[in-house]
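Only one structure is covered here, and it is reproduced in the block below.
What's counted below: heavy atoms across the whole structure, side chains too, no hydrogens, waters or symmetry copies. Order of the sequence lines fixes the chain letters, A, B, ..., with proteins taken first and strands second; residue numbering starts at 1 for each chain.
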2 protein chains.
Amino acid sequence: MSLELRHLRYFVTVADELSFTRAAQRLRISQPPLSQQIQDLEAVLKTQLLLRTSRRVELTAAGEALHARAKSILEQVDAAVQEAASIGRGERGRILIGATGSILSGGLADLLAGYRHEFPEVTTTLFEQAPRLQMRALQDKKTDISFIRLRPESDDFASELAWREDVVVAMSSIHRLAGRKRIALKDLRDEEYVALAPESSEFAASIRDSCVAAGFLPRIAHEVVDAQSITGLLAAGFGVALVPSSIARFTTGEIRFRSLGASAPAADVYIVHRNGDQSTALRAFMAFARRFFQSRLKPRD
Amino acid sequence: MSLELRHLRYFVTVADELSFTRAAQRLRISQPPLSQQIQDLEAVLKTQLLLRTSRRVELTAAGEALHARAKSILEQVDAAVQEAASIGRGERGRILIGATGSILSGGLADLLAGYRHEFPEVTTTLFEQAPRLQMRALQDKKTDISFIRLRPESDDFASELAWREDVVVAMSSIHRLAGRKRIALKDLRDEEYVALAPESSEFAASIRDSCVAAGFLPRIAHEVVDAQSITGLLAAGFGVALVPSSIARFTTGEIRFRSLGASAPAADVYIVHRNGDQSTALRAFMAFARRFFQSRLKPRD
DNA sequence: TTGATTTATATCCGAGAGATATGGATGAGC
DNA sequence: GCTCATCCATATCTCTCGGATATAAATCAA
């Protein structure tokens with residue numbers, strides 16, 4: 001015979017009611033098996049818990065002590081069940097997110113704000129890292145999900161489009177092209193470029209590919225490691241840069257952005273995560289993200 | 001289907017071992033019912049707890065959380081069982097004891113010291129009260145047991161002899177009888193007495209009865225409410241007093257005690273408790289007390 | 001003393017915990 | 001790359017034990 005929660009549930013009810021008959025009613029069982037289970041419990045403890053005459057039931061000292069303990073235990077069991085179920089539904093947990101600064105301000109921040117509002121019990125931790133490091137972090141399980149401007153090739157990762165962004169051209173307001181309203185990619189063939197170092201970003205490579213497709217090889221005059229540095233160089237008059245349009249949001253100073261029209265390369269942002277082991281919290285996050293971007297696209301239709 | 005401790009025990013074992021086969025061995029059951037019980041648990045929680053391939057078992061986030069909780073719950077169940085059993089064996093609990101100061105120093109203190117040594121988990125609370133109040137406190141369940149110098153009549157109480165004491169005569173060292181080695185009760189017929197007020201002590205009444213039996217009615221010159229006051233009055237030369245021999249122990253100053261020899265009235269101390277509801281701790285205490293006094297009597301044999 | 005109420009005992013039934021046998025998947029080793 | 005060993009899941013059976021019904025025993029009220 002081993003102790004089970006049933007014994008504790010029954011005992012607590014009897015101790016609360018101080019009556020086997022009423023306790024049995026509350027427990028939706030008949031009185032004899034209740035008496036039996038209490039006797040079993042007492043046998044396991046080798047201790048009298050209740051003093052019963054046919055007229056009154058009262059607790060012994062051991063019964064008083066167990067009553068308090070058992071009540072607390074049952075509450076904790078309940079809490080544990082709720083917690084596990086809640087984690088299972090993805091309502092609770094922790095998601096580790098990788099992203100770069102421009103992606104954060106480009107739409108991710110809004111997504112996270114909306115998500116935290118609907119799933120307040122999920123902790124989201126954001127790692128601002130260069131794209132290459134993000135992939136490493138994903139692989140090493142340092143992060144669970146990444147927002148990144150290039151679709152990964154590897155079979156280890158699953159990816160889907162988060163949102164679309166155009167590439168725009170950025171330059172100082174005193175640049176000779178700053179007066180033009182619309183600029184095509186091929187108009188930029190003779191410019192000097194400020195670009196992200198290709199080893200820090202797949203995006204840099206894809207921009208270069210777009211230029212090649214437009215018939216020229218961009219002359220990279222300056223390379224920077226951090227996207228933040230680009231605008232500083234542009235403001236000082238160092239050529240032009242091809243950047244995702246969302247960069248405009250967090251840029252101050254004398255920088256002008258011009259659309260590239262139909263010739264604009266895509267700067268789509270993808271959601272990437274490891275294949276296979278997505279937790280429920282992550283699945284729920286992905287589902288939320290899909291709904292979120294879906295509803296955001298509508299106004300543009 | 002309801003959650004039982006079995007589910008938690010099984011789950012914790014599997015989570016510890018990360019193997020159904022090994023867990024089943026540790027649990028002394030076969031592997032299929034273990035798988036079944038884990039599935040039942042997951043069904044109750046509506047949540048996956050373990051990711052199992054035929055080659056590896058690992059915990060989900062929900063499983064991790066439940067593992068920690070369940071372990072703690074099982075430990076608490078264990079502790080609660082131990083505690084209840086321990087209280088049931090009288091090894092733990094609280095005993096409320098009534099006594100007077102003279103009884104405490106007359107032998108009770110030694111008993112309590114020995115008892116606490118053998119039952120360190122039982123809290124003993126001592127109430128120093130006048131005998132009448134002790135009976136009241138017992139009746140009102142303010143105390144569980146009393147050490148008192150008179151056997152109670154009422155059927156509500158059970159009593160047994162704790163230890164025997166003689167009554168001795170006490171007087172100032174300058175009293176005219178202080179030089180006598182032995183004094184019989186009847187020699188004291190013409191003395192003036194310092195006595196406890198009869199309304200505060202049954203013992204006072206029993207002393208008076210002893211004097212009457214010896215052929216005289218004691219002349220009470222001074223009455224005190226508190227036994228402590230007696231010696232003060234005696235030291236000041238106010239007559240004599242008939243007191244339990246143990247009083248000598250905690251008396252300082254110029255007081256002499258003389259045995260009354262064969263004519264000494266008894267001042268036996270009784271253990272009194274309510275009939276019926278003695279807790280296990282109290283029963284264990286009584287058993288200890290009997291053993292204690294038994295072994296103390298032997299040296300006198 | 002009788003009747004009502006409450007717990008304990010006796011007996012029966014059925015759900016379900018656990019055993020055995022087996023299937024299916026996966027990684028190791030030749 | 002095939003075979004074998006290993007491990008978890010499924011299917012089926014058995015038998016324990018939880019719960020129901022009927023009834024006895026005890027106690028209090030009238």
Nearest-Å distance for atom pair [atom1]/[atom2], residues [X] and [N]:
X      : N       : atom1 : atom2 : result
R9(B)  : dG18(C) : CZ    : C1'   : 16 Å
D40(B) : dA17(C) : CG    : C1'   : 10 Å
E58(A) : dT7(C)  : CD    : C1'   : 15 Å
E17(A) : dT6(C)  : CD    : P     : 12 Å
L34(A) : dT21(D) : CG    : P     : 15 Å
L3(A)  : dC17(D) : CG    : C1'   : 16 Å
L5(B)  : dA17(C) : CG    : P     : 14 Å
L50(B) : dC7(D)  : CG    : P     : 16 Å

Under the side chain to side chain donor-acceptor pair (under 3.5 Å) criterion, do Q39(B) and S35(B) qualify, and how do the steps go? CA-CA 6 Å; Q39(B) 285 171 30; S35(B) 291; 5.3 Å; no
With a 4.0 Å heavy-atom cut-off, tell me which residues in residues 20-29 of chain A come close to DNA chain D, sorted by residue number.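 Residues of residues 20-29 of chain A under 4.0 Å from DNA chain D: R28(A), I29(A).
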For R136(A), I'd like to know if atom CZ has over 12 heavy atoms of other residues, nucleotides or ligands within 6.0 Å.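 Incorrect, the count does not exceed 12.
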Using a cut-off of 6.0 Å, state whether more than 12 heavy atoms not belonging to R56(B) lie near its atom CZ. no
What I want to find out is whether [X] reaches [Y] closely enough, with some N-O distance under 4.0 Å, to be called a salt bridge.
X       : Y       : answer
R9(A)   : E4(A)   : no
E165(A) : R149(A) : yes
R52(B)  : E42(B)  : yes

Closest to the side chain of S19(A), out of dG19(D), dT21(D), dT7(C), is dT7(C)
Can you sort out the partners of R92(B) under salt bridge (Lys or Arg N to Asp or Glu O under 4.0 Å), two or more places apart, ordered by chain and number?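 For R92(B) there are no salt bridge (Lys or Arg N to Asp or Glu O under 4.0 Å) partners, ignoring immediate neighbours.
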Which letters describe nucleotides 9-16 of chain C, given B = protein heavy atom under 4.0 Å from base, S = only from sugar-phosphate, - = neither? B-------
Do nucleotides 25-30 of chain D as a string where each nucleotide becomes B, S or -: B if the base has a protein heavy atom under 4.0 Å, S if just the sugar-phosphate does, - if no protein is that close. -BBS--
Go through the side-chain N and O atoms of D40(A) and Q36(A) and say whether any donor and acceptor fall under 3.5 Å apart. yes
Contact list for residues 117-148 of chain A, test ring-ring contact (aromatic ring centres under 6.0 Å, His included), sequence neighbours left out: Y115(A)-F119(A)
Residues in side-chain hydrogen bond (donor to acceptor under 3.5 Å, both in side chains) contact with K142(A), at least two apart in sequence or another chain: none
Main-chain N/O of E17(A) paired to R22(A) side chain as donor or acceptor, under 3.5 Å: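 Checking the backbone N and O of E17(A) against the side chain of R22(A), a donor-acceptor pair under 3.5 Å is found.
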Give a yes/no answer on whether the side chain of R52(A) brings an N or O atom under 4.0 Å of OP1 or OP2 in dT6(C).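 No, R52(A) has no side-chain N/O under 4.0 Å of OP1/OP2 on dT6(C).
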